[in-house]
Amino acid sequence: MLRRARAVPAGFVTTYGDLCPKAPRFAGAVMSNAGDGVPWHRVVRADGSLAVGERQRRRLEAEGVPFRGARVEMERAWVPAERLG
DNA sequence: GTGATGACGGAAA
DNA sequence: CTTTCCGCCATCA
């Protein structure tokens, strides 16, 4: 799970549901626990909205993640967890 | 063992 | 498109 999160390249994002389809909430809890060492900012909700806050958005924009209003353009930035490895 | 909660997701109105 | 409601599995009190 965390392995996938780490495999997400800069400029792209994945979703909690991708990392843990059976318990997406659990994925979030794990990320929080993981803290640093994982690009947690590249993990967003399935609809592209952010879960953490402004901090996350800044990081994503800095990496060139396309935004549409308050949400990420999943069509462009979403990389399915399956493709990570 | 039980009940409540959460960095979520999908369906319905 | 937005707002509501229920289900999911693991943790914690």
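Order of the sequence lines fixes the chain letters, A, B, ..., with proteins taken first and strands second; residue numbering starts at 1 for each chain. Because the structure is a prediction, the values reported are computed rather than measured.
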- Item | Nearest-0.5 Å distance that lies between atom CD in A:Gln56 and atom CG in A:Leu50 | 4.5 Å
- Query: Are A:Leu60 and A:Val79 in one and the same hydrophobic cluster, where Ile, Leu, Val, Met, Phe, Trp and Tyr link if side-chain heavy atoms are under 4.5 Å apart?
  - Reply: no
- Message: Test of understanding: clusters of I, L, V, M, F, W, Y form through side-chain heavy atoms closer than 4.5 Å, transitively. Do A:Val30 and A:Leu19 belong to the same one?
- Response: yes
- Message: Base, sugar-phosphate or nothing for A:Arg45? Non-hydrogen atoms, less than 4.0 Å.
- Response: sugar-phosphate
- Task: Take atom CZ of A:Phe26 and atom P of C:dC8, then tell me their distance rounded to the nearest Å.
- Result: 17 Å
What nitrogen or oxygen pairs link the protein and nucleotides 1-6 of chain C at under 3.5 Å?
| from | atom 1 | to | atom 2 | distance (Å) |
| --- | --- | --- | --- | --- |
| C:dT2 | OP2 | A:Arg71 | NH2 | 3.1 |

- Message: Under the salt bridge (Lys or Arg N to Asp or Glu O under 4.0 Å) definition, can you give me all pairs with a residue in residues 64-76 of chain A, not counting sequence neighbours?
- Response: A:Glu73-A:Arg76
- Decide yes or no on side-chain contact (heavy atoms from CB on, under 4.5 Å) for A:Met31 and A:Asn33, but give the supporting numbers first. CA-CA 5 Å; A:Met31 304 292 286; A:Asn33 192 316; over 6 Å; no
- Least distance between heavy atoms, A:Ala77 atom then A:Gly11 atom: CB-O, 4.2 Å
Donor-acceptor pairs under 3.5 angstrom involving side-chain atoms of residues 37-47 of chain A: please list them, not counting sequence neighbours.
| from | atom 1 | to | atom 2 | distance (Å) |
| --- | --- | --- | --- | --- |
| A:His41 | NE2 | A:Glu63 | OE2 | 3.0 |
| A:Arg42 | NE | A:Glu63 | OE1 | 3.1 |
| A:Arg42 | NE | A:Glu63 | OE2 | 3.3 |
| A:Arg42 | NH1 | A:Val8 | O | 2.6 |
| A:Arg42 | NH2 | A:Glu63 | OE2 | 3.0 |
| A:Asp47 | OD1 | A:Ser49 | N | 3.2 |
| A:Asp47 | OD1 | A:Ser49 | OG | 2.8 |
| A:Asp47 | OD2 | A:Ser49 | OG | 3.3 |

- Hey, quick one: are A:Val13 and A:Leu84 part of the same hydrophobic cluster, counting side-chain heavy atoms closer than 4.5 Å, chains of contacts allowed? no
- Task: Using a cut-off of strictly less than 4.0 Å between a heavy atom of the residue and any atom of DNA chain B, enumerate the qualifying residues of residues 53-67 of chain A by number.
- Result: none
- Over all heavy atoms of both residues, which pair between A:Tyr16 and A:Ala27 is shortest? Give the atoms and the distance, please. O-CB, 4.0 Å
- Message: Short of 4.0 Å, heavy atom to strand atom, which residues of residues 14-23 of chain A count as contacting DNA chain C?
- Response: A:Lys22, A:Ala23
- Task: Could you pull out the closest heavy-atom pair between A:Trp78 and A:Thr14, with the gap in Å?
- Result: CD1-CA, 3.9 Å
- Item | NZ/NE/NH1/NH2 to OD/OE distance under 4.0 Å, A:Arg58 and A:Glu54 | no
- Message: Restricting to non-hydrogen atoms, name the atom on A:Pro80 and the atom on A:Asp18 that form the minimum distance, rounded to 0.1 Å.
- Response: CA-OD2, 3.8 Å
- Span of DNA chain B engaged by chain A, first through last nucleotide within the 4.0 Å heavy-atom cut-off, is B:dG6 to B:dG10
